[in-house]
Each structure stands twice: as C-alpha cells, then as structure tokens.
Amino acid sequence: MSAVTSDTNKDRIFIFDTTLRDGEQSPGATMTLEEKLQVAEALDEMGVDIIEAGFPIASNGDFEAVVAVAKRAKNSVIAGLARAIPADIDRAAEAVRHAPRGRIHTFVSTSPIHLAHQMRKTQDEVLEIISKTVAQARNLIDDVEWSAMDATRTPIEYLMRCVEAAIKAGATTINLPDTVGYAIPEEHFAMFKTIIEKVPGADKAIFSTHCHNDLGLAVANSLAGVRGGARQIECTINGLGERAGNAALEEVVMALRTRGDAMPYHTQIETTHLARASKIVSAAANFPVQYNKAIVGKNAFAHESGIHQDGMLKNAETYEIMTPASVGIKETTLVMGKHSGRAAFKDKLKELGYELGDNAFQEAFVRFKDLADRKKHVYDADIVALVDDEVGSVGDRIRIVAMEVVSKIGGVHKCDMTLTIDGEETSVSYEGTGSVDAIFNAIKQAVGQEPNLVLYAVDGVTGGTDAQASAHVRLEMNGRIVSGNAAEPDTLVASARAYLNAYNRLLIERGAAAQGAMAG
Ligand code: KIV
Ligand code: ZN
C-alpha cells in the first residue's frame, strides 16, 4: 500500500484535488504554467493529500506542468492521469517521478454504453486491459490508482470483476466515478458498500469517489460514498470541472467538519485557506464564482433580511452554522492610501497570502500606487484583484498602450486605440453601437481575427461608486473557449483589458494531442 494510503485511521478522509486536471477541462478554464503552479502551491499548503496535476500525454504543456508541480511539491502526493494505454502510463510515470511522492492514475471505461460505442471492446477484453495496464503502472511506481470510468452506469457484477482484477494487478486506490453525474446518493452508498464487502482483496485498497454535478448531487453523492466505505474524495476548488463541474472541495470539507456529529470523519485540510484558494483558482482559471456559491460565494455569509440581521447582532449562531473566519473570510478592511510605503505594502501582501518575486513585487507596487492615486480607499479586495491581474497578464503578446473612448447619447461611440502586437505598435479607430462594442471591435480589427464573444460581465470589486470594476470576458474561436478578466477603477479600461486577457490566451498554442485526449 502507498505511503498516503497506509494511514490506518479508519475515519480519515483523503482529499484528492483535481482542479488542475478535471477542473482545467471546463470550457474556458485553461491555465498557464505559472497559474497552475500558484494553484498547486495553495493546495499543497492547505493540506490536500493528493494533487492531480494534469494529463501528461495530452500535450507537452500538460507534461511540463505536471513535472513543474511535482518538483515544487512539499507535502502532497502528485498524480498524473493516464488512459489504459502503455504510452500514457510511461509518460505519466516520467512526469510524476520528479515528486517526492508520485502516483499514476490510470482509467478505463467499464459501462456497456462506453464499451459498445467508445471502446468497441468486449467485457473480457477490458478485463485483460485492466490487468495489463495496472501491472505496468505498478512496475513503475508503488502508488497506483485505477478508475472505472462511468462506474455508476456499469452493472455491479461486472464492476466487481474489474475492481478485483485491478486490485490483483496492484492498484492501491480504486476510484468509482460518477462520470456523467447520473447517480443519486442511495445508489452511490450501496455501490461502495456492496463492492467493499464482496470483492476479494478490497481491504488492500482505498476506495475513492469522484462525482460530477450534472444533477447538482456531486457533494451529496461524495458524502454517501464515504458512508458506503470510500475514504478518498476527488473534488475541485469552486467545483470547477467538465460540464456542470465536480464535487466542490470546500463544500465536502466543510460539510464533514460542520456535521461531524452525523458524519464522524475528518480530513487534514486547513479550512482557513479555503477562501484564498477559491480566489486563486477563480483568477487563474478566469472563472467567476457565483454569488450564492456555498462556502466561498460573495453572499455565503451575507445576511440581508431584518430578522436575520437582528439575530446576527444578538448571537451569530442564530443564523450561521460556521464562522466566516473558519473558511478564511476576513472583514473587508481598509488597507492603505497613497502615502503607504513599500514595507507596508509588502506586509499587506504577506497577510493576504502573496509572496512575490522582486520584479512582480515592483510591478504590483507601481500599480498599487497608481490605484491609490485614483481611488481614495484601497481595500484588501482591491489588492487581491490587482495582484491576481498582474499574475494573469504575464507573457501577453498583445498589450494596450493607449485608449480614448468617446460616447454620446444619440451620437457616435468611438474608440481610438494603440496596441503592441508582439512588440510592434499599431493604432486603430472603430465606431460601434456602444462604447464596449467599439472597444472590442477596435481590438479585433488590430489583431485581425474574429473570435466570438460568449460572455461579458462587469462587477464591482468592493462597494461604492469609486469601486474597481472587475470585468469578465469569454471568447470562442475554432471550438476553443477561453476566459479573461481584469480589474480597474474605470469600467471601460477593465473591459478592454479583460478582452485582451482572453485574446492573449487564445494565442497561446495548445498541443493538438490535448484535443483528442480529454478525460471525463
Ligand atoms: O469523471 C471521470 O470518470 C474521470 C476519470 C478520468 C477519473 O474524470
Ligand atoms: Zn471526472
């Protein structure tokens, strides 16, 4: 049994985070290497047991990202995904061997619908593939996870034979995913209970749940799986993931912690890191968190009605089942103004969990000073937006140099813009049906490509009319969807920068193999 799964405490739940793999498969959630490292560092510091860092065979970029995360890992086991194909398994082993503790996670479909239409293989052929590929992985590394893709739509008798074969071949973790988000909690509980009780050798492996949220049941199913005997939960920060996403890490962790009376299990997650991890992932993946998202949404601890506010003032426990502080949400505090110096800014960044290199610090400080000149009160949220923005714009090929927008009621809406494209300056002018239309079209004209605008949204970082505007843009081109965001005191500048942020991501090449090698 692997080092991570040799913990004999039967109530201990291992948290397997797949934000960098299943999460990154969300349309528009592509992250750069720098962003992936930032996310991995936050997960490692938070106490995540296993980080699935990517799918090494999918592209050179994915391979390099898994290697880089593996090299930086301090406490977490680093997993790399592999199909049940020898070349995938070799490539995953090559990537995770750089980690102090690595894991190969190999998977194959087991349901009749996948076997008939996707795999075109018989049940016996798949059984043979499981034995061979798990044994191959186990010859390369001690820690091997095997997943039965679409387990919840697989007849239980056949699933039991597959699990038995995987354990016999040396799998140390057995994952039974609800790949299409079809299960309901009672079924999920029963599947784990039956398999753990009946499969010979089941006591030699840790069982894992991996739930998708198509019916909004991913967290409930994960917890039911634990009740059925699973001791590893696969999840993502903010519930990022294919289609409707995966089970949200912050929700399963806080459910277990808050309802320990009904669910006597524990994780080793430091829950005060949850809010920060949510912000880092939201910024890295350019994926806004819905306001009423449990645990980390803007409104998760907001009390609006008079009765609730009255109760809160008398005793917070009247309407709060956990404290904001327990998930790392701090009061919005006034930080500094334009007279604050470098040392104070550095201290503030540290308090907010950022440690920037010299160049990044210098750039962030210049932007902070600029912001403080334009905005009277600079809040923690402003600093977070400013730093996340800086990280997100590293390596941009298109940059904005100057912009002038004229907007008249009943008249023209015109944007004059100067940009640099790969270092070369170009100026354009565009008249649109509104200011934002003029800005976005001016950029398209300068770059000479026609991405489709899938989403455009603007939000205030804090309250007040002098609040920074946080703009989100999602673009689609040739079937690829990317997101961008930016925060600025001026809404139009924020919009232009968010559009450019997305555009720059479109220009980052992704390996062709990635398209054909996506997992569920
Ligand atoms: O949902 C799924 O089945 C997956 C597997 C690759 C584990 O993500
Ligand atoms: Zn999945």
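Along the sequence shown, residues carry numbers from 1. Scope of the values below: all heavy atoms of this structure, side chains included, with no hydrogens, waters or symmetry mates. Order of appearance sets the numbers: ligands from 1, and atoms from 1 within every ligand.
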Asker: Which atoms form the tightest heavy-atom contact between Ala84 and Ile129, and what is the distance?
Answerer: CB-CG2, 3.6 Å
Asker: Provide the number and element of each atom of ligand 1 under 4.0 Å from a heavy atom of Met149.
Answerer: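 Heavy-atom distances to Met149 below 4.0 Å select 3 (O).
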Asker: So which of the N, O or S atoms of His210 lies nearest the Zn ion (ligand 2)?
Answerer: NE2
Asker: Examine Arg21 against ligand 1 and note whether any of their N/O atoms are separated by less than 3.5 Å.
Answerer: yes
Asker: Has Asp22 got an N/O/S atom less than 2.8 Å from the Zn ion (ligand 2)?
Answerer: yes
Asker: Just let me know how Glu242 lines up against ligand 1, side chain, backbone, both or neither, with a heavy-atom cut-off below 4.0 Å.
Answerer: neither
Asker: Just to verify, what does Lys71 make a salt bridge (Lys or Arg N to Asp or Glu O under 4.0 Å) with, not counting sequence neighbours?
Answerer: none
Asker: Decide, yes or no, whether a salt bridge links Glu35 with Arg505 under the criterion of side-chain N to carboxylate O below 4.0 Å.
Answerer: yes
Asker: For Asp150 and ligand 1, does the shortest N/O to N/O distance drop below 3.5 Å?
Answerer: no
Asker: Any nitrogen or oxygen of Glu234, main chain or side chain, under 3.5 Å from a nitrogen or oxygen of ligand 1?
Answerer: no
Asker: Considering the heavy atoms of His212, write down every atom of ligand 1 situated less than 4.0 Å from one of them.
Answerer: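 Ligand 1 atoms under the 4.0 Å threshold to His212: 1 (O).
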Asker: Where on Asp22 is there a heavy atom closer than 4.0 Å to ligand 1, on the side chain, on the backbone, on both, or on neither?
Answerer: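 The side chain, only.
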Asker: Say whether Asn175, considering both its backbone and side-chain N or O atoms, lies within less than 3.5 Å of an N or O atom on ligand 1.
Answerer: no
Asker: Looking at His105, which atoms of ligand 1 are within less than 4.0 Å of one of its heavy atoms?
Answerer: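 Close to His105: 7 (C).
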Asker: Should the ring pair Tyr503 and Tyr499 be called parallel, tilted or perpendicular, given that the plane angle runs from 0 to 90° and is split at 30 and 60?
Answerer: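 Perpendicular, since the angle between the ring planes exceeds 60°.
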Asker: I want to know if ligand 1 touches His210 in the polar sense, i.e. an N/O pair below 3.5 angstrom.
Answerer: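 So ligand 1 has an N or O lying under 3.5 Å from an N or O of His210.
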Asker: With sequence neighbours excluded, what pairs up with Glu197 under the salt bridge (Lys or Arg N to Asp or Glu O under 4.0 Å) test?
Answerer: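 Applying salt bridge (Lys or Arg N to Asp or Glu O under 4.0 Å) to Glu197 gives Lys193.
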Asker: Can you check whether Thr236's main-chain N or O pairs, donor with acceptor, with Thr18's side chain at less than 3.5 Å?
Answerer: no
Asker: Closest heavy-atom contact between Ala469 and Val458?
Answerer: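 Heavy atoms of Ala469 and Val458 come nearest at CB-CG1, 4.0 Å.
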Asker: May I ask you to check whether Tyr456 and Phe440 place their ring centers less than 6.0 Å from one another?
Answerer: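 Yes, close enough.
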